[in-house]
Amino acid sequence: MSYQIPRGTQDILPGSSSKWQALEQTLRNLCDVYDFNEIRTPIFEHTNVFKRENDSSDMVNKEMYTFQLENSNTSLTIRPEGTAGVVRSFVENKLYASPDLPVKLYYMGPMARHERPQKGRLRLFNQFGVESLGIKDPYADAEVIVLAYTILKALGLNDIKVQLNTLGDDQSRSAYRKALKEYFAPYVDDLCSDCRRRYEQNPLRLLDCKVDHDKECMKNAPKMSDYLTPESQEYFETVCQALDLLEIPYEVEDTLVRGLDYYTHTVFEIVSMNKEMGSQSTVLAGGRYDGLIPYFGGPEGMSGIGWALGMERLLIALEAEGINLEENTGLDAYVMVLDKEAKPYAFDVLTQLRAYGYRSDMDMMNRSFKGQFKSVDRKHAKTAILIGNKEIEEGTATVKLLEKKEQVSVPIGDLIEFLDEHLVEEEEHHHHHHGEEE
Ligand code: ATP
Ligand code: MG
């Protein structure tokens, strides 16, 4: 009998978890600077939080992990995305009553979608997202886009493109929907089966089709921009001007409609242009939504804007650009046990080092000097602290300073002080190096 991880999921092993932690750190820090605060919602919700009337998206209709326990009438769904749960919580906890709007939140964690697994597409993956809830103002739109761009730049991504579009308000969208229906009527039978469904349910989504994308009728389809009300037009121009002022590069992409049905006004994606990304090149996506807060029982007319990035996909994009998030952090000290009888003493020294906050470890496998010294190397220890019968007798520790290639006998009572001095020196040396490189 063997056990295997479910298809489309992955373990994050100790070898790569430091990469994740570095990523999470940057995300948290920048959100803090932008005054976004973390919210944590359950990873499953009542199914109707995600499955809302009229939603025609694949995610909601084909990809959700929905379950019902025995002896229960309650249908639950593992979250496929973050926004719905966050908005549900925003309303349920009356965060909309805050005198300081928008309420700016961020979240991160696993999402589940039953998709066909491939590179950059998992069944259980992690998203990091932000939501700015409670006001409709073009500067709130610009703010989240600036934050998104700043995060990706801060991580070192270079080869990215911001794509921007507007879906306008209800009036703009229904005029556009009508135009699309009229335009596509003669072509509908030639489109893929998904598109024939989209034609009936939500013709805007026709533009999102990856199958029919290159057909002539797609290229000549009416453009959203020709159906915007003057107010919607002005709203979009203000968002663009705010980004222009900050010199955030973007392209207006008039076929960008986004996968979910609740979007209005501004929608955007950030795409990695690196060839290795293949068809899974969208790293981050988001937009404004008007109907969602009222849907959950919040104030009528209150709207929000947010985005989510796929953390696995972002890590792939970083790797494709040769960016390494990991700091090469070795141990401060590795305690080597030279004689079996010295083990308790060595363990005591180790515990003291740790009490002082030194990252340290010791040999517990009773290996030869050579074997232990290989660990010193593998763990990139800055010092090796040798403890044997001789050291116990003398009340000393033998310290190998690995960078300087020196060996010093230090009275055990002075060990911490000695390390303090030495490791600070080493740190300065390290920073100096860095400074020179830049
Ligand atoms: P796609 O067109 O690639 O299916 P989507 O429109 O379904 O994307 P969103 O719901 O907008 O994606 O999710 C935001 C981000 O989350 C995506 O841009 C992507 O980086 C990431 N993401 C979405 N689905 C997956 C998945 N199955 N595996 C890994 N990351 C994903
Ligand atoms: Mg998808």
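Atoms within each ligand, like the ligands themselves, are counted from 1 in listed order.
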- [ ] Evaluate whether atom CD of Gln171 has more than 12 neighbouring non-hydrogen atoms of other residues, nucleotides or ligands under 6.0 angstrom away.
- [x] no
Task: Residues forming a side-chain contact (heavy atoms from CB on, under 4.5 Å) with Asn61, sequence neighbours excluded - done: Lys51
- [ ] Report, in ascending order of atom number, the atoms of ligand 1 lying under 4.0 Å from any heavy atom of Ala308.
- [x] 14 (C), 15 (C)
- [ ] Provide the number and element of each atom of ligand 1 under 4.0 Å from a heavy atom of Gly120.
- [x] 28 (N), 29 (C), 30 (N)
Task: Geometric N/O contact Leu122 with ligand 1, under 3.5 angstrom - done: yes
Task: From the candidates Gln127, Gln280, Glu115, Met111, the one that places a heavy atom nearest atom 15 (C) of ligand 1 - done: Gln127
Open item on the list: Counting only heavy atoms, tell me which of Thr282, Leu124, Val267 gets closest to atom 20 (O) of ligand 1.
Closed with: Thr282
Open item on the list: When you compare ligand 1 with Gly310, is there at least one nitrogen or oxygen pair between them that comes in under 3.5 angstrom?
Closed with: yes
TODO: Indicate whether any N or O donor in one side chain lies under 3.5 Å from an N or O acceptor in the other, for Thr264 and Arg173.
DONE: no
Open item on the list: Test of understanding: with side-chain contact (heavy atoms from CB on, under 4.5 Å), list the residues that count as partners of Tyr183, not counting sequence neighbours.
Closed with: Tyr187, Cys217, Asn220, Ala221, Pro222
TODO: May I ask you to check whether over 12 heavy atoms, not counting those of Phe296, lie within 6.0 Å of atom CZ?
DONE: yes
TODO: Check each atom of ligand 1 against the heavy atoms of Val283 and keep those under 4.0 Å away; list them by number with element.
DONE: 18 (O), 20 (O)
TODO: Verify, without hydrogens or angle tests, whether Thr150 (side chain) and Val146 (backbone) share a donor-acceptor contact under 3.5 angstrom.
DONE: yes
TODO: Give a yes or no on this: more than 12 heavy atoms of other residues, nucleotides or ligands lie within 6.0 Å of atom NZ of Lys178.
DONE: no
Open item on the list: Just to be sure I read this right, does ligand 1 sit under 4.0 Å from the backbone of Glu312, its side chain, both, or neither, counting only heavy atoms?
Closed with: neither
Task: Per-residue contact class, Arg121 against ligand 1 - non-hydrogen pairs under 4.0 Å - done: both
